[in-house]
Amino acid sequence: MIKITLPDGAVREYPKGSTGTQIAAGISEGLARVAIAIEVNGQTQELYRTVETDASIRIFTWNDTEGKNVFWHSSAHIMAESILEFYPDALLTIGPPIENGFYYDIDFQGKSFTQEDFAKIEKRFLELSKSGETFERKDVTKAHALEVYKDNPYKTELIENLEDGSITFYYSGNFVDLCRGPHVPNSNIIKAMKIMSIAGAYWRGNEKNKMLTRVYGISFPKQKELDEHLQRLEEAKKRDHRKVGKELELFTFSEKVGMGLPLWLPKGARLRETLVEFLKKVQEAYGYQQVVTPHIGNKKLYETSGHWEKYGKDSFQPIETPEEGELFMLKPMNCPHHCEIYASRPRSYRELPLRLAEFGTVYRYEQSGELHGLTRVRGFTQDDAHIFCRPDQVKDEFKKVIDIVLYIFKVLKFEDYVAQISLRDPEKPEKYFGNNEQWVTAENAIIEAAAEKGLKTVTELGEAAFYGPKLDFMVRDAIGRKWQLGTIQVDYQLPNRFELEYTGPDNQPHRPVMIHRAPFGSLERFVAVLIEHTAGDFPLWLTPEQVTVLPLGEKFEEYAHKVAASLRVAGIRAGVDDRGETVGKKIRDAEVAKMPFMLIVGEKEAESGSVSVRRRKEGDIGTMTNDEFIAFIRNEVEKELA
RNA sequence: GCCGAUGUAGCUCAGCUGGCCAGAGCAGCUGAUUUGUAAUCAGCUGGUCGGGGGUUCGAAUCCCUCCAUCGGCUCCA
């Protein structure tokens, strides 16, 4: 007998050589029915494989990420099998599962594979999956593997890099593929499948290599789940910030101005300003000081900072002054400027931490194919700040920045987030700048700060920047998509390069530590995420226009304007819809434009100095005096920001 | 930058396999209507069919090229 430890710590005994299926069945029949794979001592494997020694195990189902990965990986095999039936000469390369489905990169060798092929591949896929294929694992020698794939340079390359003795093939139906596995017990659990799209992808992601055709697909255990998935995609399309931004007249692009350079329309600019004011106020409370620096900087500045060397090719190229021939760059980063502000006079340890904040607009040359709405642009504004502090202050400063980020998330209702702690790759210390002691201090400061703030974290080794470790916030929006927002990074490189110093209590010069942080990241990207998170239905405090006053006919326009003016004096963003349209039409337009409040004013209201309040999506909520309404809406805003 | 798709009025879209003056709805303008909680009525304006080149008696429709957008690849200080 062997001892099997379950995830909850329970230990059960099974006969030596039990299969994963038998172990699952021992836990419950229901689990055995939905089991997809088993993890044995950290290794995921097929359910039909046997367990020979004591082990701790987990059973994976469709509800686990690992289970989905196995499910989709097997689906990729079946899709490849289907495709090969129609394109026998196609060369397979790799076909992994991804976050939403799977893909297979295929060299069609000059033949074209188009959207017209999707339907027949899907049909064949379902026939094959229904036929109940099993995935049989076979160990093969390297020599054999190379022989089988002698006509496929991609697989040959993969095999070359594998260790002899660790190479496995998987046989399913008439299909065989070089594959590490594992796979589902039987293809018949895959009940629904759709090819989503095709796209070009370089072999091994290197643009010097041949471009392959990447076929994206997704599959599910139930047709209903596929339908729901497609519906979610529809919903995402409806929330697309490019579409909503156009509908709500927030921003636009112009070919004449240039691709990737957003133009903020009045309503978008209003929204953006509100966000800026909001964050400025929060930052002031936390002891930040605003600074302003120019949009261009001498190329030497970026040579000093190291950005020219490392990112010069991703910047707009320097502009030369006509007389002196000096080179200036559109600034790709604010930090060098801020370093110079720090260095503008001698600094004492007493004035640290020094927190310099700027809504700094930067310009970066993104490749044309990279541009995407507001999320990937060539000119954008960072909610940047640099904290210059003593090494022993790093942890406290981190905690304060975390507080700011969490407050923003709370106010904007990003309720589902994790913090990613990015540390050094311990195997490659030479990749990083700064001495070991500094790294250990900074990494521990981040880990402790996150722990003390009770953050849900994941730790990634090797994801740190070369100049320091960082903490990034990933949020899930209202429809479950992940976005990376705020970032906090420790930097040892810049203070050195700029030779920044402060005089310590010992009257000796010391080097400060620098923390880069941007809770929004960039305003452009943040607004895009916010649009998609809220579907354009912004919270009252943030929405570009809060109130529209609707006069019942010409006679009451004067009163309507008076009401709107008094609201504006009270700091409420209000306007009047005095078009010669019916009230019904104006209400409809306001509802469509996501106007939170509509004030209908006619004879009754004009006489009594009141307004009839209609709240978006709710309808008529009764009559109030002007002052009552002002108090009411202020209270609503306060509740949101509390 | 690369692969693929798309590009018709301000917006959303129709215009099939090349052939009468290129259409609709919304928006805009003009006029009438002066409205009580999600679309009042009528009329009008508006398009080098992304730009350029070519094939053809004839091109929005076919071909080439450039530009932009979309989906990916790569990268992201």
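This one's a predicted model, so the numbers in the text were calculated from it and none came from an experiment. Below, all heavy atoms of this structure are taken into account, side chains as well, without hydrogens, waters or symmetry copies. The sequence lines fix the lettering, A, B, ..., with proteins before strands; numbering per chain opens at 1.
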Practice task
For Y216(A), report the nucleic acid contact type (base, sugar-phosphate, nothing); a contact means any heavy atom under 4.0 Å.
Solution key: sugar-phosphate

Problem - Residues D537(A), K617(A): salt bridge by 4.0 Å N-O rule - result: yes

Problem - Rounded distance in Å - CE (M196(A)) to P (C70(B)) - result: 18 Å

Completion exercise
The nucleotide from G36(B), U34(B), A38(B) with an atom nearest the side chain of E554(A) is U34(B)

Problem - Nearest listed nucleotide, side chain of L552(A), among C76(B), U35(B), A38(B) - result: U35(B)

Practice task
Take atom C1' in U55(B) and the same atom in U12(B), then report the distance between them in whole Å.
Solution key: 34 Å

Practice task
For K246(A), report the nucleic acid contact type (base, sugar-phosphate, nothing); a contact means any heavy atom under 4.0 Å.
Solution key: sugar-phosphate

Exercise for the section: Kindly indicate whether the side chain of Y202(A) and the base of G1(B) share any N or O donor-acceptor pair separated by less than 3.5 Å? Expected result: yes

Problem - Heavy-atom donor-acceptor pair, E249(A) side-chain to G10(B) base, under 3.5 Å - result: no

Exercise for the section: Check whether any side-chain N or O of H372(A) sits under 4.0 Å from OP1 or OP2 of G72(B), and answer yes or no. Expected result: no

Practice task
Using a 4.0 Å heavy-atom cut-off across all strands, classify R214(A) as base, sugar-phosphate, or nothing.
Solution key: sugar-phosphate

Exercise for the section: Give Y467(A) one of three labels, base, sugar-phosphate or nothing, depending on what nucleic acid heavy atoms sit under 4.0 Å from its own. Expected result: sugar-phosphate

Exercise for the section: Please measure how far the P atom in U45(B) lies from the corresponding atom in G50(B), and state the result in whole Å. Expected result: 23 Å

Exercise for the section: For E309(A), answer base if it contacts any base atom (sugar-phosphate contacts may also be present), sugar-phosphate if it contacts only those atoms, and nothing otherwise; contact means non-hydrogen atoms under 4.0 Å. Expected result: nothing

Practice task
Determine whether any donor atom in the side chain of R616(A) lies under 3.5 Å from an acceptor atom in the base of A38(B), or the reverse, and answer yes or no.
Solution key: no

Practice task
Rounded to whole angstrom, note down the P distance from G19(B) over to C62(B).
Solution key: 11 Å

Exercise for the section: Pick base, sugar-phosphate or nothing for E581(A), based on heavy-atom distances below 4.0 Å to the nucleic acid. Expected result: base

Practice task
Report which part of the nucleic acid M259(A) touches: base, sugar-phosphate, or nothing (heavy-atom distance under 4.0 Å, all strands).
Solution key: sugar-phosphate

Handout entry: Separation between the C1' atoms of C29(B) and G10(B), rounded to whole Å
Key = 13 Å

Fill in the blank from the handout: Tested for salt bridge (Lys or Arg N to Asp or Glu O under 4.0 Å) against E591(A), the lone hit among R615(A), K585(A), R614(A) is R614(A)

Fill in the blank from the handout: Heavy-atom nearest nucleotide on RNA chain B taken for E603(A) and for F466(A); more 5' hit belongs to E603(A)

Practice task
Using a 4.0 Å heavy-atom cut-off across all strands, classify G306(A) as base, sugar-phosphate, or nothing.
Solution key: nothing

Practice task
Quote, to the nearest angstrom, the P distance that separates G18(B) from C57(B).
Solution key: 15 Å

Practice task
Sticking with atom P, work out how far A9(B) lies from A24(B), rounded to a whole angstrom.
Solution key: 14 Å

Handout entry: cation_pi(K299(A), F328(A)) dist<6.0 Å, angle<=45
Key = no

Handout entry: Side chain of R242(A) - closest among G72(B), C70(B), A77(B)
Key = C70(B)

Practice task
Give H516(A) one of three labels, base, sugar-phosphate or nothing, depending on what nucleic acid heavy atoms sit under 4.0 Å from its own.
Solution key: nothing

Practice task
Output the single nucleotide from U37(B), C76(B), A38(B) whose closest atom is nearest the side chain of R588(A).
Solution key: A38(B)

Completion exercise
Of G71(B), C73(B), C76(B), the nucleotide closest to the side chain of A201(A) is C73(B)

Problem - ring-ring contact (aromatic ring centres under 6.0 Å, His included) evaluation trace for F220(A) with H229(A) - result: CA-CA 9 Å; F220(A) 293 93; H229(A) 175 73; 5.4 Å; yes

Problem - G72(B) to C16(B) separation - C1' atoms, rounded to the nearest Å - result: 31 Å

Fill in the blank from the handout: From CD1 of I587(A) across to P of A38(B) the rounded distance in Å is 5 Å

Exercise for the section: Could you check E605(A) against G312(A) and say which one's nearest nucleotide on RNA chain B is further toward the 5' end? Expected result: E605(A)

Handout entry: Phosphate-side-chain proximity, S612(A) and G36(B), N/O vs OP1/OP2 below 4.0 Å
Key = no

Exercise for the section: Establish, with yes or no, whether the OP1 or OP2 oxygen of A27(B) is under 4.0 angstrom from a side-chain nitrogen or oxygen of K585(A). Expected result: yes

Practice task
Remember a base hit wins even if backbone is also touched, and classify G602(A) as base, sugar-phosphate or nothing at under 4.0 Å, heavy atoms.
Solution key: base

Handout entry: Modelled atom types, side-chain donor and acceptor of H516(A) and Q489(A), under 3.5 Å
Key = no

Practice task
Would you mind telling me which of A38(B), C2(B), C75(B) lies closest to the side-chain atoms of R376(A)?
Solution key: C75(B)

Practice task
Please lay out, stage by stage, how I198(A) and F118(A) fare under the test side-chain contact (heavy atoms from CB on, under 4.5 Å).
Solution key: CA-CA 10 Å; I198(A) 46 178; F118(A) 290 9; 3.9 Å; yes

Exercise for the section: Assert yes or no for the condition that the ring centre distance of Y492(A) to Y467(A) is strictly below 6.0 Å. Expected result: no

